Protein chains: 2
Amino acid sequence: MAKPLRKDAQRNRDLLVAAARELFAERGLDVPLEEIARRAGVSIGTLYNRFPARADLIGAVFADRVAATRALAEQALAMPGAWDGLVHFLEGVCAMQAADLGYNALASGRGPYAAADDADLAEGYALMRRIVARAQESGELRPDVTLEDMVFVIWGHARTVEATATIAPRLWRRHLALLLDGLRTPEPSPLPEPSLTPEQARRAMSPQSPCRPDDAASPV
Amino acid sequence: MAKPLRKDAQRNRDLLVAAARELFAERGLDVPLEEIARRAGVSIGTLYNRFPARADLIGAVFADRVAATRALAEQALAMPGAWDGLVHFLEGVCAMQAADLGYNALASGRGPYAAADDADLAEGYALMRRIVARAQESGELRPDVTLEDMVFVIWGHARTVEATATIAPRLWRRHLALLLDGLRTPEPSPLPEPSLTPEQARRAMSPQSPCRPDDAASPV
DNA sequence: TACCTACTTGAGGCTATCCTCAACTTCTCA
DNA sequence: TGAGAAGTTGAGGATAGCCTCAAGTAGGTA
């Protein structure tokens, strides 16, 4: 299906993705596309040729993060301590959020994103579910939380990163430590609401639908 | 200093503030000013006459929230239980965040805001500091956190409210319960970073400076 | 080498929002 | 009551970012 690009086209594509990666990291997912093209040394028309929608460019830039997250989850499961594994995983995700404004927005469910590979994503979720289950079986993670509650860590952390990135770039570790203490307290108080269902979590993470809605829409 | 407005001007001002209150609550602080004017039944020129900058309108709309927050803090201090007081206060703030997208943005440090009364604000902070101190003296709140750490609750909560307002409007209570358990755990783990200083917190809460910067700038 | 196709280019149209200002209307007070 | 100050109006200029397309350029293959 995917025809190879011509040599110059491939080069320009790579330049665009690299430029977008830098600018998304520095300034978030809303940077003007014209500025990305300029930094890549390529015209705005070329950008649109290669990436018809912003979501396509975002998808290309962050494809490697899906893989990185998955690798992180595998590392976590390989660790001897179940709780340590969970902490390792959450710390890793938070560190990526702290290092990259664009990833931070994406991880906390803002920004349009054309998923490169849904299967990869699904496997990632399965791994995370095992990380959580294992930490509960070991008795370290409180039994009344679910995988879906982990989004509270991601979401909660997102705003802290934005607000303090320049003022106190390491502060997020303190925030995370407090969150983690809430997840393993020996005296958990009863939780007042049920957690999100996986389906609800999926919807909450993608205000704009995660894949382009047009694909299925056009009847021609 | 403040001359009384003419009768019609005062009526239009009130209409504008009411319209802005509704739209800010529904759609956040970014709603087009033209739309606010339209809902108020007034022309865009009138809006600009009364409120030269968006921050002025925001200041007028949310002046009562500063007072409400202060009242909440006083209630909290009047409660017999120190921990219950802290919870009451944080729940109250979070409930206001959940009920109003604009307040949510403001409380989590986004959005320009021309403070109506700095003294009022300062007194509010003093009250909050007492709420935190009292809860620590009673041994219920972990001793290694500060007032400045409470912004983690506000910030963390902000994104949860945005993401789940329509999907699960009461879910934030679960998030808050987990956060609170982290704040009173009997086995607190050491925190890896110092908390923000009051000055840092002030800066982190106002990416755009909270009062109009022009006031002092113009040399004429 | 020569052709054809894939690719690039950037001026310019489109939209949304901000903000101004000169002409007009309404209140208020003597 | 009427003069003048206070207030209102909305068309339109300014800006910013999105996106297109007709004309031009360059890689690849015969």
Side-chain angles (χ1 to χ4, degrees), chain A residues 1-20 23-24 26-60 102 105 110-114 208 212-215 217-218, chain B residues 1-20 23-24 26-60 102 105 110-114 208 212-214 218:
Chain A
M1 198 110 193
K3 324 148 197 178
L5 289 172
R6 222 169 69 178
K7 194 173 59 180
D8 56 339
Q10 182 64 51
R11 187 178 49 80
N12 285 340
R13 202 196 116 104
D14 294 344
L15 287 170
L16 281 166
V17 170
L23 282 166
F24 287 156
E26 289 166 19
R27 316 234 311 262
L29 298 176
D30 293 329
V31 277
L33 295 176
E34 321 245 359
E35 200 164 337
I36 294 173
R38 203 179 316 132
R39 182 172 302 198
V42 139
S43 97
I44 182 65
T46 298
L47 188 154
Y48 277 100
N49 280 349
R50 212 49 62 210
F51 304 100
R54 181 183 291 266
D56 299 313
L57 183 52
I58 294 176
R110 289 159 294 163
Y113 173 60
Q208 302 93 349
R212 272 176 297 165
D214 325 78
D215 291 350
S218 81
Chain B
M1 195 111 196
K3 325 146 195 177
L5 289 172
R6 224 169 69 176
K7 195 173 59 179
D8 55 340
Q10 182 63 51
R11 187 177 49 82
N12 284 342
R13 202 196 117 103
D14 294 344
L15 287 170
L16 280 166
V17 170
L23 283 166
F24 287 156
E26 290 166 19
R27 316 233 313 262
L29 299 175
D30 293 328
V31 278
L33 294 175
E34 322 244 358
E35 199 164 338
I36 293 174
R38 203 179 317 132
R39 182 171 303 196
V42 138
S43 99
I44 182 66
T46 297
L47 189 154
Y48 277 100
N49 280 348
R50 213 49 61 210
F51 304 101
R54 181 184 291 266
D56 300 313
L57 184 52
I58 294 175
R110 289 161 294 165
Y113 173 59
Q208 301 93 353
R212 271 175 299 165
D214 325 79
S218 82

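On a predicted model such as this, the values are computed, not experimentally measured, just so you know. First the proteins, then the strands, lettered A, B, ... as listed; each starts at 1.
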Study note, to complete from the structure: Smallest heavy-atom separation, A/Leu29 atom then A/Ala105 atom, equals CD1-CB, 3.8 Å
**Study point:** Within-4.5 Å side-chain heavy-atom neighbours: A/Leu5 and A/Arg13
**Key:** yes
**Study point:** Rounded interatomic separation in angstrom, taking CZ from B/Arg6 and C1' from D/dG4
**Key:** 11 Å
Review point. With a 4.0 Å cut-off on heavy atoms, is B/Ile44 in touch with a base, just the backbone sugar-phosphate, or nothing at all?
Key: base
Practice item. Identify, between A/Gly45 and B/Tyr48, the residue whose nearest nucleotide on DNA chain C lies closer to the 5' end. Key: A/Gly45
**Study point:** Interface residues of residues 10-20 of chain A with DNA chain C (non-hydrogen, below 4.0 angstrom)
**Key:** A/Asn12
Review point. Side chains of A/Phe51 and A/Ile58: does their closest heavy-atom pair fall under 4.5 Å?
Key: no
Practice item. Go through A/Leu33 and A/Leu57 one step at a time and tell me if the side-chain contact (heavy atoms from CB on, under 4.5 Å) criterion holds. Key: CA-CA 10 Å; A/Leu33 295 176; A/Leu57 183 52; 4.2 Å; yes
Check your understanding: Going 5' to 3' along DNA chain C, which nucleotides are the first and last within contact of chain B (any atom under 4.0 Å from a heavy atom)?
Key -> C/dT17 to C/dT28
Review point. What's the CG-P distance between A/Asp56 and D/dC18, to the nearest Å?
Key: 14 Å
Study note, to complete from the structure: Per nearest nucleotide of DNA chain D, the residue lying toward the 5' end, B/Glu34 or B/Asp8, is B/Asp8
Check your understanding: From the list D/dG7, D/dT9, D/dG27, which nucleotide is the closest neighbour of the side chain of A/Lys7?
Key -> D/dG27
Review point. Atom CD1 of A/Ile36 to atom P of D/dG17: distance rounded to whole Å?
Key: 12 Å
Point to revise | side-chain contact (heavy atoms from CB on, under 4.5 Å) assessment of A/Asp14 paired with A/Val17 | key: CA-CA 5 Å; A/Asp14 294 344; A/Val17 170; 5.8 Å; no
Point to revise | Flag, side chain of A/Asp56 to backbone of A/Ala53, donor-acceptor distance under 3.5 Å | key: yes
Practice item. List the atom of A/Arg54, the atom of A/Val31, and the distance in Å for their closest heavy-atom pair. Key: NH1-O, 2.9 Å
Exercise for review: For residues A/Ile36 and A/Ala19, report the shortest heavy-atom separation together with the two atoms involved.
Suggested key: O-CB, 3.7 Å
Check your understanding: Counting any heavy atom closer than 4.0 Å, what does B/Arg50 reach on the DNA or RNA strands: base, sugar-phosphate only, or nothing?
Key -> sugar-phosphate
Check your understanding: Which is it for A/Leu23 and A/Arg39 under the side-chain contact (heavy atoms from CB on, under 4.5 Å) test, yes or no, and what are the steps along the way?
Key -> CA-CA 9 Å; A/Leu23 282 166; A/Arg39 182 172 302 198; 3.3 Å; yes
Review point. Whole Å only: how far is the CZ atom of A/Arg54 from the C1' atom of D/dA16?
Key: 13 Å
